[in-house]
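To start, the structure under review is shown below, and the notes come after it.
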Amino acid sequence: MGSLFPLSLLLFLAAAYPGVGCALGRRIKRAQGPKGSPLAPSGTSVPFWVRMSPEFVAVPPGRSVWLNCSNSCPQPQNSSLRTRLRQGKTLRGPGWVYYQLLDVRAWSSQAHCLVTCAGKTRWATTRITAYKPPHSVILEPPVLKGRQYTLRCHVTHVFPVGYLVVTLRLGGRVIYSESLERYTHQDLANVTLTYEFPAGPRDFWQPLICHTRLNLEGLVVRNSSAPVTLMLAWSPAPTALASVSIAALVGILLAVGSVYLYKCLPMKSQA
Ligand SMILES: *[C@@H]1O[C@H](CO)[C@@H](O)[C@H](O)[C@H]1NC(C)=O
Ligand SMILES: *[C@@H]1O[C@H](CO)[C@@H](O)[C@H](O)[C@H]1NC(C)=O
Ligand SMILES: *[C@@H]1O[C@H](CO)[C@@H](O)[C@H](O)[C@H]1NC(C)=O
Ligand SMILES: *[C@@H]1O[C@H](CO)[C@@H](O)[C@H](O)[C@H]1NC(C)=O
């Protein structure tokens, strides 16, 4: 590995699409056991199973999903779906119920299907994730300022930001990486990562790429910018290269539209 460079980071986060993700506050309580476990104590039990298909589904925020809850009970007493998400249509067939969930905006939620058969209730769960890969990942041409290059990467319309990692790679080498897990904002956002890079002789003419990774508990979505070549624009002073200094200056600027909060209030009170 090379030397550690002084760095300065400016991260700019701006809310895009106000209103998206308002439903996130309505978190569903965790169920009290593994998928398919019995809720009622077993007595005169008819053995049967309950299944949800799919068990995991990922959609862009705002979409609806269909879940198929099937069971092997010859005569189910009842079948129901428990979720904080808004329910739409229901279709029924022999041994299955097809449930529609509308306008999925919570980044992560669950739906439990409960089936009662001969007095015993069993259930199955689907995990639903709402996400949106970046609309664009754009690396600006590096700007030389003093002895450092200002590298700026714009990531637009991404969700959920708290699960995003932005990495700058120069010729395959990671020069900076930032995880945005501190950001719990529940709407689509634009992110701008600014990094001051003191380029050395080995760095020139190498391709510079900005990579993004959404790490969604089992689902990983990667995107990257078009490569930009770091051009030689100055003669490095040998002393500057010989010394290893770690000077971190992290500045974070967070801008969440007040429009978003304003718009969310009526939605929350309806919930
Ligand atoms: C986010 O970026 C897009 C594309 O550049 C732009 O149209 C939009 O206005 C930006 N939104 C905010 C809140 O900055
Ligand atoms: C639901 O699943 C059952 C069992 O796999 C299947 O027979 C049925 O056709 C499915 N219903 C829909 C609407 O996909
Ligand atoms: C089944 O119906 C009974 C009576 O209407 C109700 O109390 C119970 O919660 C229902 N069970 C499920 C799994 O929906
Ligand atoms: C990001 O990656 C996703 C999934 O591979 C792809 O559908 C999408 O078009 C990509 N977006 C950009 C801006 O490259």
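In each ligand, atom 1 is the first atom listed, and ligand 1 is the first ligand listed.
Selection from L91, N68, V97 by nearest heavy atom to atom 11 (N) of ligand 2 gives N68.
The backbone N or O of P54 lies less than 3.5 Å from a partner atom in the side chain of T126, making a donor-acceptor pair. A donor-acceptor pair under 3.5 Å links the side-chain atoms of Q206 to the main chain of R202, judged by distance alone.
Taking atom 13 (C) of ligand 2 as the reference point, the nearest protein heavy-atom neighbour is Y98 CD2, 3.4 Å. Among all non-hydrogen protein atoms, the one lying nearest atom 4 (C) of ligand 2 is S70 CB, 4.1 Å. The nearest protein atom to atom 8 (C) of ligand 2, hydrogens excluded, is given as W96 NE1, 3.5 Å; this is a heavy-atom distance.
Numbered from 1 in the order shown, with element, the atoms of ligand 1 that lie under 4.0 Å from a heavy atom of T156 read 2 (O), 4 (C), 5 (O). Against a heavy-atom cut-off of under 4.0 Å, N190 is close to the following atoms of ligand 1: 1 (C), 2 (O), 3 (C), 8 (C), 10 (C), 11 (N), 12 (C), 14 (O). Here is the list of ligand 4 atoms found below 4.0 Å of a heavy atom in P134: 11 (N), 12 (C), 13 (C).
By the 3.5 Å distance cut-off applied to N or O atoms, N223 is counted among the residues near ligand 4.
Residues satisfying the ring-ring contact (aromatic ring centres under 6.0 Å, His included) test with F56, not counting sequence neighbours, are none.
Using a 4.5 Å cut-off on side-chain heavy atoms (C-beta onward), V137 and L139 make no contact.
A side-chain N or O of T116 and one of T121 form a donor-acceptor pair less than 3.5 Å apart. Under 3.5 Å, the side chains of T194 and R152 contain a donor-acceptor pair of N or O atoms.
For atom 2 (O) of ligand 2, the protein comes within 4.0 Å by at least one heavy atom.
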